[in-house]
A.B. asks: 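I'd like to ask you about the structure that follows.
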Amino acid sequence: LAKTTQPISMDSYEGQEVNITCSHNNIATNDYITWYQQFPSQGPRFIIQGYKTKVTNEVASLFIPADRKSSTLSLPRVSLSDTAVYYCLVGDMLFRLDSSYKLIFGSGTRLLVRP
Amino acid sequence: GAVVSQHPSWVICKSGTSVKIECRSLDFQATTMFWYRQFPKQSLMLMATSNEGSKATYEQGVEKDKFLINHASLTLSTLTVTSAHPEDSSFYICSARDRTTAGSFYNEQFFGPGTRLTVL
């Protein structure tokens, strides 16, 4: 499983765009990149997933360069409710029937959005 | 959408007692469920992988006799903390994988809301 490195914390203000970068130098060919969001005393919530280039959904965008050794989660126009911990995970997302797949969480990035 | 529930949401118990936490997939079948533990201000730590109808696979350093996992059906896994001690106080989170996505390149793991365990 590829190890990930993220900034420990980030500060932003309401209405700004926030970009959180994750390094995963040892990413393997079959690995996908997934981001989760976690609020205090809640389980993580899936945000976005991608393999290469750019992925966008109603919540965020995920930018992955050609070498896939890093990825950037982009949150447009953050609000106070986006204050949370964001986790970048890298792993082989193919659902293996032998159920050998598992998610290993890194330290995450604690995002604080100020008024 | 896929929903995973946990019961109870919080529990307080005396040292030496056992506590059972349930994890249910409400609208899908989960061949595999996972149990995590999270201490304050720390990340989630995977404890074990629970497979329906078979023994759980524990991560290194996790005592299987202390944290008993049972995955009796495709929608229910239970974690029992036996002879709990104050150091077992933590936030326990389960997650489940939808078996209908088997073979798909896309896989999303659904997390429960967590259970706060406090051992006095």
Side-chain angles (χ1 to χ4, degrees), chain A residues 1 3-9 22 28-52 55 57-60 62 83-112, chain B residues 1-6 9-10 23 30-60 71 90-118:
Chain A
L1 297 168
K3 180 179 167 62
T4 60
T5 304
Q6 303 174 234
I8 294 175
S9 63
C22 177
T29 302
N30 290 335
D31 287 345
Y32 280 72
I33 301 154
T34 310
W35 286 80
Y36 284 86
Q37 174 192 57
Q38 186 184 27
F39 297 112
S41 296
Q42 293 186 28
R45 182 176 75 100
F46 172 90
I47 301 176
I48 198 166
Q49 181 183 79
Y51 184 79
K52 61 181 179 180
V55 179
N57 61 22
E58 64 277 6
V59 177
L62 178 59
T83 293
V85 179
Y86 292 82
Y87 294 97
C88 162
L89 288 88
V90 173
D92 186 346
M93 305 304 280
L94 285 174
F95 192 120
R96 301 189 181 284
L97 294 179
D98 63 3
S99 301
S100 59
Y101 170 80
K102 55 188 178 183
L103 288 178
I104 303 297
F105 283 78
S107 58
T109 297
R110 194 171 296 273
L111 173 65
L112 173 63
Chain B
V3 178
V4 175
S5 70
Q6 285 185 236
S9 56
W10 59 270
C23 175
T31 308
T32 304
M33 290 183 172
F34 303 87
W35 287 96
Y36 297 83
R37 180 167 56 180
Q38 185 175 35
F39 293 108
K41 303 292 186 182
Q42 294 187 23
S43 182
L44 286 78
M45 185 194 79
L46 179 66
M47 299 175 67
T49 301
S50 169
N51 297 298
E52 186 264 339
S54 64
K55 291 183 177 180
T57 302
Y58 291 82
E59 294 300 302
Q60 190 172 11
H71 193 157
S90 188
F91 191 54
Y92 291 86
I93 305 170
C94 73
S95 68
R97 299 175 73 201
D98 188 345
R99 71 179 306 201
T100 62
T101 61
S104 168
F105 76 93
Y106 176 77
N107 175 62
E108 185 179 325
Q109 199 170 127
F110 304 98
F111 286 83
T115 297
R116 175 77 57 193
L117 170 63
T118 301

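Here is how names work: the chains are called A, B, and so on, in the same order as the sequence lines, proteins then strands, and each is numbered from 1.
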A.B. asks: Examine whether an atom of A/Y87 lies under 4.5 Å from a heavy atom of chain B, and if so say whether it belongs to the side chain, the backbone or both; otherwise answer neither.
C.D. replies: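 Side chain of A/Y87 only, per the 4.5 Å heavy-atom cut-off to chain B.
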A.B. asks: Give, as side chain, backbone, both or neither, the part of A/R110 having an atom under 4.5 angstrom from any heavy atom of chain B.
C.D. replies: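 A/R110 touches chain B through side-chain heavy atoms alone.
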A.B. asks: For the residue pair B/F111 and A/Y36, does the interplanar ring angle fall in the parallel (under 30°), tilted (30 to 60°) or perpendicular (over 60°) class?
C.D. replies: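 Perpendicular.
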A.B. asks: Who passes side-chain contact (heavy atoms from CB on, under 4.5 Å) against B/E59, sequence neighbours left out?
C.D. replies: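 Expected list: A/K102, B/L46, B/V62.
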A.B. asks: Apply side-chain contact (heavy atoms from CB on, under 4.5 Å) to B/E52 and list each qualifying residue two or more places apart in sequence or on a separate chain.
C.D. replies: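 Result, side-chain contact (heavy atoms from CB on, under 4.5 Å) vs B/E52: B/H71, B/L74.
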A.B. asks: If you count heavy-atom pairs under 4.5 Å with chain A, which of B/I93, B/T57, B/L44, B/T115 comes out on top?
C.D. replies: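 Of the options given, most contacts go to B/L44.
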A.B. asks: Measuring only between side-chain heavy atoms, which start at C-beta, is A/L89 closer than 4.5 Å to A/F105?
C.D. replies: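 In short, these two side chains touch, coming nearer than 4.5 Å.
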